[in-house]
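Encoded as structure tokens, the structure appears first; notes follow it.
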Amino acid sequence: MINVQQIVNATTDSDLKRIGEKIIARERINFDEGVMLFEKGSLSYLGALANWVREQMHGSKTYFNRNFHIEPTNVCVFSCAFCAYSRLYAHREEGWELSIEQMLDKVKKYDGKPITEVHIVGGVHPKMNLDFFAELLQKIKAHRPDLHVKAFTAVEFDYMFRKAKLTVEEGMKKLKAAGLDSLPGGGAEIFHPEIRQQICADKVDADGWLLIHKTAHQLGMHSNATLLYGHIEKYWHRIDHMERLRNLQDETHGFNTFIPLKFRNKDNDMSHVPETSVVEDMKMYAVSRLYMDNFPHLKAYWPMLGRQNSQLTLSFGVNDLDGTIDDSTKIYSMAGSEEQSPTLSTAQLVSLIKQVRREPVERDTLYNEIKNYKDTDIAEMEVNPLYN
Ligand code: MET
């Protein structure tokens, strides 16, 4: 079998060869090298390198969790051009606005079930303020203290804190005290103002996003980070985005997972922009694995990519597939994803991972291992209500 060193040795392009050598030596690649990988790297070359890094870091382990989402509302004060989900306040009758009781009922639906995480994000509603969400967190925790609450994007925090006239630190401390455990990675899109101005001009900018995550890290919470790719950005905008995240991670080490998010073009203001091919998707994952050397995990969010393409990512650097979801999010289905009702049972997720000869490991939000399913029989799982 040819190993990665031989693949690098056989490369005729001197730039790609040098970058490959750095990667095998576990040296950090720089901005220009990141861009070059996108511009010149073949799918097979990037895949070989990214898979090598993935296996150095995690072997064959592929993580998932048992989770569900709550989307309090899709009414939003912002108008992001790529969004198919939100409705302006003036048109709120077309959307939904959940009360605290309705959201608690969603949590109670999982009583007695081995769910470990609730993920809460949604539109930025002008009337759902910091006190409203603090009360929601308190009530969720009072009902189920062991449930990890990963909630609100930096965009949502920024709006809540500004309205409450609190600093980021004051606001974050308040929500942490109410029960917030960690932060999801949304709202990052593309940091560079040249693109951000065109796709989501009115929401928090790069520095604001990064400050919110930095503050959360300093208060002892972990978070994730996303990047919305495949629309009007150039490769260097992606690397600029990753560079800013990599720099903050050097400082805080608070990020767990990097999650590239694919632009889907149904029913939004950018529907004329074509979607990327699966080859471009896999290159995005591979370059992410190679560039984000200080991010422990790389996630393919399966409700966005579909099941088969998610399996493919596991050969391009990805070591996490997100969770069971239980048909509790509409963000990507409304933007045209193949997964119109995203739900996978634990048995299905395990089987998906085993089909591509990887080792399924159930994790909690912070990547503590709950169960390794390497030797678990799928047929037995399918008849066991614990896994369905
Ligand atoms: N409101 C969030 C944001 O822009 C996204 C989640 S809802 C589509 O960050």
Side-chain angles (χ1 to χ4, degrees), residues 67-89 91-92 94-98 103 118-130 132-133 136 149-163 168 171-172 175 180 182-191 195-213 216 223-229 231 241 245 255 257-270 299 301 303-304 322 325 328-337 339 342:
N67 63 349
F68 68 102
H69 291 214
I70 295 178
E71 297 181 345
T73 184
N74 66 339
V75 174
C76 195
V77 299
F78 298 120
S79 307
C80 304
F82 52 80
C83 184
Y85 171 89
S86 71
R87 297 293 177 268
L88 289 170
Y89 189 69
H91 303 288
R92 64 188 183 283
E94 293 171 18
W96 65 88
E97 301 164 294
L98 301 183
M103 291 191 261
V118 58
H119 172 115
I120 310 175
V121 299
V124 178
H125 192 292
K127 303 216 161 135
M128 291 182 178
N129 60 19
L130 184 72
F132 175 85
F133 286 120
L136 172 68
V149 180
K150 170 158 71 73
F152 314 124
T153 72
V155 174
E156 295 159 36
F157 288 117
D158 171 66
Y159 187 81
M160 272 185 240
F161 299 163
R162 282 191 290 119
K163 264 208 129 165
V168 172
M172 199 59 84
L175 290 177
L180 181 69
S182 71
L183 279 56
E189 325 310 357
I190 291 282
F191 286 144
I195 300 298
R196 203 167 184 84
Q197 280 300 323
Q198 296 181 65
I199 64 171
C200 55
D202 48 2
K203 69 185 190 182
V204 71
D205 66 7
D207 289 345
W209 193 100
L210 292 163
L211 175 68
I212 284 170
H213 283 256
S223 73
N224 294 335
T226 58
L227 179 163
L228 184 74
Y229 73 92
H231 42 90
H241 188 99
L245 290 169
F255 289 113
T257 310
F258 183 56
I259 313 159
L261 294 177
K262 178 184 168 90
F263 164 71
R264 307 295 314 237
N265 69 5
K266 187 172 162 239
D267 290 339
N268 58 38
D269 292 341
M270 288 165 77
K299 181 192 286 187
Y301 182 56
M304 156 196 94
D322 204 83
I325 307 282
S328 53
T329 172
K330 294 198 191 324
I331 296 173
Y332 263 101
S333 53
M334 287 171 82
S337 164
E339 299 286 349

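Order of listing sets the numbers, starting from 1, for every ligand and every atom in it.
By the side chain to side chain contact (heavy atoms under 4.5 Å, CB included) test, Thr329 is found to be paired with His69, Glu71, Tyr301, Ile325, Ile331, Pro342, residues two or more places apart in sequence or in another chain being considered. With sequence neighbours left out, Phe132 forms a ring-ring contact (aromatic ring centres under 6.0 Å, His included) with no residue at all. Not counting sequence neighbours, Tyr332 has no partner by the ring-ring contact (aromatic ring centres under 6.0 Å, His included) test.
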>> Please evaluate residues Phe68 and His119 with respect to the criterion ring-ring contact (aromatic ring centres under 6.0 Å, His included), reporting the C-alpha separation (whole Å), side-chain torsions for both, the decisive distance (0.1 Å), and the verdict.
In response: CA-CA 6 Å; Phe68 68 102; His119 172 115; over 10 Å; no
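A donor-acceptor contact under 3.5 angstrom links the side chains of His213 and Ser223, judged on distance only.
Residue Lys127 places its NZ atom among 12 or fewer non-hydrogen atoms of other residues, nucleotides or ligands, all under 6.0 Å distant.
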Report all N/O contacts between ligand 1 and the protein shorter than 3.5 Å as a table of atom names and distances to 0.1 Å; if there are none, say 'none'.
from: ligand 1; atom 1: 1 (N); to: Gly122; atom 2: O; distance (Å): 2.7
from: ligand 1; atom 1: 1 (N); to: Glu156; atom 2: OE2; distance (Å): 2.9
from: ligand 1; atom 1: 4 (O); to: Lys203; atom 2: NZ; distance (Å): 2.7
from: ligand 1; atom 1: 9 (O); to: Thr153; atom 2: OG1; distance (Å): 2.6

